[in-house]
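Each remark here refers to the structure printed beneath this line.
The figures that follow rest on heavy atoms only: side chains count, while hydrogens, waters and symmetry mates do not.
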Amino acid sequence: MGKILSPGISRSTTSQLKGIACIMIAIHHYVHFASNSHNIVTYIISAHFGYLFVSLFFLLSAYGLTEAESAKRQSFGLFLKKRLFKICQPFIIMNIIALAIYGLVGYRTFSAKDVFLYTFGIKLIDPVCWYILVSLMLYIFFWISFQFKRNCYRVAVLLLLSVLYMLAGHFYFHLPENIYMSVLSFPLGMSLSLYKEQIWQWIRNRYFLVYNAVYVFAILAVAFGFHKLGINMFQTICMSFILVPTYLFISYKDVLKLKVLDFFGNISYEIYLVHMKVLVLMRLFISGYTNLASFMLLVLVFAYLFSLFLSFINKRKTNKVILTN
């Protein structure tokens, strides 16, 4: 078990859930872009898995940030520098690798200007990289909200900034829905950390599972209503909140015991960065693509190798988990 952050929640559990979320996002993109199957399962995966598990990742990120900042406050410069390095260094390195591979195999040609823009994320080399840029924006929102002393103000300010971003993205910038639809999970993650003691008391209630069932049913009913009204924006927001009770149950009960989940958690960000590159190369070189199992195996192999490469260039001992019997 990892270090306990609060009653029943461990850092390792949060990491494991991030790994699961990134694997589900990779599966979502495979089904969405490469699968030839058409049934209710593939529809659900293609239509909703991306939103659901990006929401979970935002929630977990905000939870971890809140725990860290509550334990030790940092200046804006130090706060942003630490997060920039953690997110941007792997992002930039992966962009350079992708540019080199795409150029060598003849997938695309790049001008000097393109190389610069793609390397630093000014232009996105694949459509999933929006997550990195939005995460940086949310980190700034988080720091602003944490300047307030009272927890209720912190949550309210972060919620307000997130809603303003959503509204601006939808009505002013006309961004694709996936770029702003999941951000409300970020203030939700902050709330789960700031009010964890109250949540712990709630979870220990013997009617917890009943409350969860009612909660999920209510969310599904509201989402269905928005679907009938054709309001996809609010439908997706509702669907994103369905994972909250599942996260609470898994985290506080500490039910994730499999060692393989530690492995997934330790390379979760690498999985996110490499999976679309793997899919592009599969579509380029493998006739008819391949099956999902082969795709995920390639993603895990390349994500792990990339994590080792990052550890090597940063001259630090890797803490990635090697799977053993």
Side-chain angles (χ1 to χ4, degrees), residues 19 21-38 42 45-47 49-50 53-54 57 84-136 173-179 263-264 267-314 318 320:
C22 283
I23 287 174
M24 292 302 179
I25 291 169
I27 292 173
H28 157 74
H29 286 131
Y30 174 85
V31 171
H32 186 76
F33 291 108
S35 176
N36 293 320
S37 300
H38 301 286
T42 56
I45 294 173
S46 177
F49 264 35
F53 289 100
V54 168
F57 210 92
L84 279 173
F85 181 82
K86 186 176 180 180
I87 287 187
C88 291
Q89 189 216 35
F91 174 56
I92 290 172
I93 292 173
M94 178 50 62
N95 285 343
I96 294 172
I97 293 172
L99 286 167
I101 293 175
Y102 289 171
L104 287 173
V105 302
Y107 173 63
R108 295 174 64 180
T109 57
F110 303 97
S111 65
K113 180 181 179 181
D114 287 334
V115 170
F116 175 80
L117 294 177
Y118 282 121
T119 296
F120 294 101
I122 301 170
K123 292 176 67 175
L124 300 181
I125 201 164
D126 62 48
V128 304
C129 290
W130 65 266
Y131 171 83
I132 289 89
L133 304 180
V134 172
S135 292
L136 293 175
F173 295 106
H174 305 291
L175 298 174
E177 287 185 349
N178 61 298
I179 296 181
F263 175 72
F264 295 154
I267 62 170
S268 59
Y269 187 40
E270 288 86 347
I271 291 172
Y272 191 87
L273 289 176
V274 308
H275 77 274
M276 279 301 294
K277 283 76 174 177
V278 172
L279 186 57
V280 166
L281 295 175
M282 279 174 46
R283 296 174 68 180
L284 187 62
F285 290 109
I286 301 177
S287 178
Y289 312 122
T290 186
N291 57 43
L292 176 59
S294 299
F295 167 69
M296 287 309 306
L297 178 61
L298 288 172
V299 168
L300 293 174
V301 168
F302 284 112
Y304 181 66
L305 292 175
F306 184 51
S307 73
L308 293 179
F309 177 70
L310 292 174
S311 297
F312 173 76
I313 65 173
N314 289 324
T318 180
K320 309 303 178 188

ask   = Side chains of V280 and D126: closer than 4.5 Å at any heavy-atom pair?
value = no
Any side-chain heavy-atom pair of W130 and V54 under 4.5 Å = yes
query = Between I96 and T119, which heavy-atom pair has the shortest distance, and what is it?
reply = CG1-CG2, 3.8 Å
key: Sequence-distant partners of A21, side chain to side chain contact (heavy atoms under 4.5 Å, CB included), two or more places apart   = F53, L56, F57
remark   = Between the NE2 atom in H29 and the CG atom in L279, the distance rounded to the nearest 0.5 Å is 9.0 Å
query = Given side chains that start at C-beta, do those of M24 and I27 come closer than 4.5 Å, heavy atoms only?
reply = yes
key: CA sep, side-chain torsions, deciding dist, call: F302, F306, ring-ring contact (aromatic ring centres under 6.0 Å, His included)   = CA-CA 6 Å; F302 284 112; F306 184 51; over 10 Å; no
message = Please list all pairs meeting side chain to side chain donor-acceptor pair (under 3.5 Å) that have one or both residues in residues 102-111, counting only residues at least two apart or in different chains.
response = R108-Y118, S111-D114
task = Any chance you could measure L99, atom CG, to L104, atom CG, to the nearest 0.5 Å?
result = 10.5 Å
request  = Measure the CE-CD1 distance between M296 and I271 for me, rounded to the nearest 0.5 Å.
outcome  = 6.0 Å
ask   = Hey, does F173 have a side-chain heavy atom less than 4.5 Å from the side chain of I179?
value = no
request  = Evaluate the criterion side-chain contact (heavy atoms from CB on, under 4.5 Å) for residue pair V105 and F285; output intermediate values, then yes/no.
outcome  = CA-CA 10 Å; V105 302; F285 290 109; 3.6 Å; yes
query = So which heavy atom on K86 is nearest to which on Y269, and how close?
reply = O-CE2, 3.9 Å
task = Please report the C-alpha distance between L305 and F309 in whole Å, then the side-chain angles of each, then the deciding distance to 0.1 Å, and finally whether the side-chain contact (heavy atoms from CB on, under 4.5 Å) criterion is met.
result = CA-CA 6 Å; L305 292 175; F309 177 70; over 6 Å; no
query = Between L133 and G121, which heavy-atom pair has the shortest distance, and what is it?
reply = CD1-O, 3.6 Å
Interatomic distance, M94 atom CE to I132 atom CD1 [nearest 0.5 angstrom] = 10.5 Å
query = Hey, does F49 have a side-chain heavy atom less than 4.5 Å from the side chain of V31?
reply = no
request  = For residues H275 and F295, report the shortest heavy-atom separation together with the two atoms involved.
outcome  = O-CE1, 3.6 Å
query = Taking all non-hydrogen atoms of both residues, which atom of C22 and which atom of Y272 are closest, and how far apart?
reply = SG-CB, 4.1 Å
query = Side-chain contact, heavy-atom cut-off 4.5 Å: M276 with I125?
reply = no
query = So which heavy atom on A303 is nearest to which on E270, and how close?
reply = O-CB, 3.5 Å
key: Interatomic spacing from CG in N314 to CD1 in I93 - rounded to 0.5 Å   = 6.5 Å
ask   = Is I267 close to L300 at the side-chain level, that is, under 4.5 Å between some pair of heavy atoms?
value = yes
query = Is it true that atom CZ of F110 has more than 12 heavy atoms of other residues, nucleotides or ligands lying nearer than 6.0 Å?
reply = yes
ask   = Under 4.5 Å between any side-chain heavy atoms of Y131 and I25, yes or no?
value = no
